Amino acid sequence: MAPLVQIENLRKEFANVRALDGVSFVVQAGEWIAIMGPSGSGKTTLINILGGLDTPTSGRAIVDGTDVARLDENGLARFRAEKIGFVFQQFHLVPYLTALENVMLAQYFHSTTDEGEAREALGRVGLTDRVEHLPGQLSGGEQQRVAVARALINHPKLILADEPTGNLDEANEGIVLKLLRELHAEGHTILMVTHAASIGQLADRRIDLAHGRLATEHAARRV
Amino acid sequence: MFPRLLWKLLRSNRGRLAVALVAVISGATVISALLNVQFDISRKLTQEFQMLGPNLVIAPPGRMQTQNAGAASAPLMDEATVAGQIARTRTPALISAAPYLYIVARVADTPVVVAGTQLGEAEILNPTWKQETGFPRYLPATRARPLDACIVGRNVARQLKLAPGGPLELKYLNRTAAMTVWSILDSGGAEDNQIFADLTVVQTLAGMKGQIQVEQLRVNGTSSAISAYAASLSKSLPGYDVRPVRAVSEAEGNLLNRTRLLILSMILLILVLTALCVLATMAALAMERRADVGLMKALGGTISRIVGLFLAEVGVLGAVGGLIGCVAGLALAQWMGRQVFGTPITPRWEIFPLTIAMMVVVSMAGALPLRTLGKIKPAVILRGE
Ligand SMILES: Nc1ncnc2c1ncn2[C@@H]1O[C@H](COP(=O)(O)OP(=O)(O)O)[C@@H](O)[C@H]1O
Ligand SMILES: [Mg+2]
C-alpha cells in the first residue's frame, strides 16, 4: 500500500532563509508521528506545506496521492477542506462564533453543515455543555478541544497539530493528548509538532529536524 | 449556515457597520427624496404651467388679437368655421377651446369691456380663476348656469357695486340685454376689468351673429408638441393666424431640463460620497478580518466563498440602509414638496427598488478593499505576526 504521506527532497526558502533544506520521509496511514527540533528548525514550515497552507520552493509533498506543490489556490482550498484537520498552538477559533458554529464553519467550507454531527463531535471532546459558548468564554484547554473537534469533523485523512499543547497547562495538556491518543487508536494519521520529549514519546515515531534537515541525516553526513 | 454566518458577521461588527449604515441611510434618504421630487416634479410643473391658461391662439388673417382688444371694428372670424376645424383636428391633448367676441358695452352709462364666450370653456381655459358666487362652495356645480349669467371682474364689480345674484343691464348702441351677476371674478389680471357673458348673448347684442374675434385653446404637452398641433390647425385654417403662446411652453421645457440635470448630478455626487464612506469602513474592516480570513482559508474556504460572505454582508448593509433611507426620503420629499413647491408630492413606489438597488451597488463598490483579503496567505496569518 502506498504511504499516506510521501515527502521527497522538500525545500522551502523565504527571502534569504532556508527553512527546509531537502527533507525526505514517508508516513504510513495510521501512524502517529512526532516532529521535533529546536525553534526555527522548520517544523511549522513543514506542517504548513503538508497541509497546503504554503507551497514548497522545490521537491514533492504527496498526501493521499495528491502532490500539494502542484495545486492552485482553489485546489489547495479543496485539499485543505477534504484531507486535512488542523490543530494550532493558538487555537485559532473565530471569536464571534460559538463553539458549535466554529465546528460547523469547517463543515460549511467542506460541504454541508450538520448541526447534530457537530454537537456529537463537541460531546466527544467533553464539551457537551459548552456548545453555545463563545471562545472568549472558554478556557484555553476548552478552546483547544473545540479546535480538535473542528479538526475531526470532516473525517480528514491527516491531522496536523502544530504544538497543540504549547499554550496549555498540564491538566489541559493531558486532556488534549488523551484525545490524540484516542484518535490514533481509531486509526487516524497524526503529525504532531512538539518541543517536549515526554510528548514525543507518545508517538509511534519521531522525526527530528535541525536547520531544515532531518537531524539523523544531518548527523549521518558528519560521520 | 450561510445566513447564520452572515448574521454573526453583522452582529460582531455592528459598531463599524453602524457608521457605514448611517452613511447609506443618509445617502438613500436624499437620493430617494430627490428622485421622488424629480419623478413628480415634471408632472407637477407641467400641471402648474398648464394652470397658467391658454397656450394657443387663433386670430383672423392679418392681425393678432388679444383678449384686451376691445373694438368691434376689429377683423372677425366665422365661429362655425373655426369650431369646425378645431373639431376636425381634435386631439386628446386639447383641454379646452373658447371663442371670444369683445365689445365695449355700457353698464349704467359706464363703458365696460364685455367678452362673449362659452363660460364653461373659459373656466377650463383659465384654471387659476377664482370666483366668488355668494353661494356655499359646493352649490354652483349643481346649479345649472342660465343663459343670462355674467361673470363680473372684481374691479368692475367694485366700481359698479355689483354682487352675485344681482341684476345687470348691458347696453350696446340701442340694444339692451338683461343679465344676472353669476359670480365675481378674481383673476389677478386684465379680466378683472371685464364682464364675461355668453357668446350668443353678446353676438345678438352687438348684432354680429356667428362672428368671433379670437379663439383661445389650451393644449397639453411639450412646446414642440404644441407647435406641431398649431401647424396642423394652421393647415386646416389657411390664412388664419395660429400661434402658440411661446413664453410659457419654452420656460417649462427649460426649467424641467435644468432641474433634471441638477437633480441627477446631485444624485451622482451623493452616490460617490456614500461609496467613499462605505469604502473607509470596509478598509478598516478588511484589516480587522485578516486573521478570520486566514483561518477560514486554512479550514478550506475558497476566496470566492469567503469574499462572497463579506459581500453579502455589505449587500445587506446597502439593502437595509436603502430601505430605511427610502422611507425617510419619502417623508423628506413630502416636506420639500410643501416647503419648496407648495404642493404635496405623490410618493412614487418605484423609487424603493431603484434606490435600494443603487445603495446595494454603491455598497458593493465601497467593499472594494475586501479584495485585498483574497491575497492573504493563511500560513503568514496563522503564524501570528
Ligand atoms: N513567512 C516567513 N518569512 C520569512 N521567514 C520565515 C517565514 N516562516 C518561517 N520563516 C523562517 O523559517 C525558519 C523556520 O521557521 P519555522 O518553520 O516556523 O520553525 P519552527 O516551527 O521549527 O520554529 C525560521 O528561521 C523562520 O524565521
Ligand atoms: Mg513553529
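Lettering follows sequence order; numbering is per chain, from 1. The shown structure was predicted, so the numbers you read here are calculated from the model rather than taken from an experiment.
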| remark: Among B/Ala298, B/Ala291, B/Gly294, the residue with the most heavy-atom pairs under 4.5 Å to chain A is B/Ala298
Report the distance from atom [atom1] of [X] to atom [atom2] of [Y], rounding to the nearest 0.5 Å.
X	Y	atom1	atom2	result
A/Leu105	B/Arg4	CG	CZ	11.0 Å
A/Thr98	B/Lys8	OG1	NZ	5.0 Å
A/Arg80	B/Thr302	CZ	OG1	9.5 Å
B/Leu295	A/Gln90	CG	CD	11.5 Å

| query | Which answer fits B/Arg11, side chain, backbone, both or neither, if we ask what part of it has an atom under 4.5 Å from a heavy atom of chain A? | reply |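 B/Arg11 has no heavy atom closer than 4.5 Å to chain A.
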| request: Could you tell me whether B/Glu350 atom CD has more than 12 heavy atoms of other residues or ligands within 6.0 Å of it? | output: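 Yes.
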| query | With a 4.5 Å heavy-atom cut-off, do B/Ile306 and A/Phe109 have their side chains touching? | reply |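 Heavy-atom side-chain distance check passes, below 4.5 Å.
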Which answer fits [X], side chain, backbone, both or neither, if we ask what part of it has an atom under 4.5 Å from a heavy atom of chain B?
X	value
A/Phe88	side chain
A/Leu93	backbone
A/Ser111	backbone
A/Glu73	side chain
A/Glu115	side chain

| field | From CA spacing to verdict: side chain to side chain contact (heavy atoms under 4.5 Å, CB included), B/Met1, A/Glu101 | value | CA-CA 9 Å; B/Met1 188 66 184; A/Glu101 288 163 345; 4.3 Å; yes
| Judged by modelled atom types alone, do B/Asp292 and A/Tyr96 share a side-chain donor-acceptor pair under 3.5 Å? | yes
| Which is it for A/Leu97 and B/Leu5 under the side chain to side chain contact (heavy atoms under 4.5 Å, CB included) test, yes or no, and what are the steps along the way? | CA-CA 8 Å; A/Leu97 297 183; B/Leu5 283 174; 3.7 Å; yes
| query | Which atom pair, heavy atoms only, marks the closest approach of A/Ala77 to B/Gly301? | reply |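 Of all heavy-atom pairs spanning A/Ala77 and B/Gly301, the closest is CB-O, 3.9 Å.
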| message | One pair to check against side chain to side chain contact (heavy atoms under 4.5 Å, CB included): B/Arg383 and A/Thr45. What are the steps and the verdict? | response | CA-CA 10 Å; B/Arg383 184 170 277 275; A/Thr45 305; 4.1 Å; yes
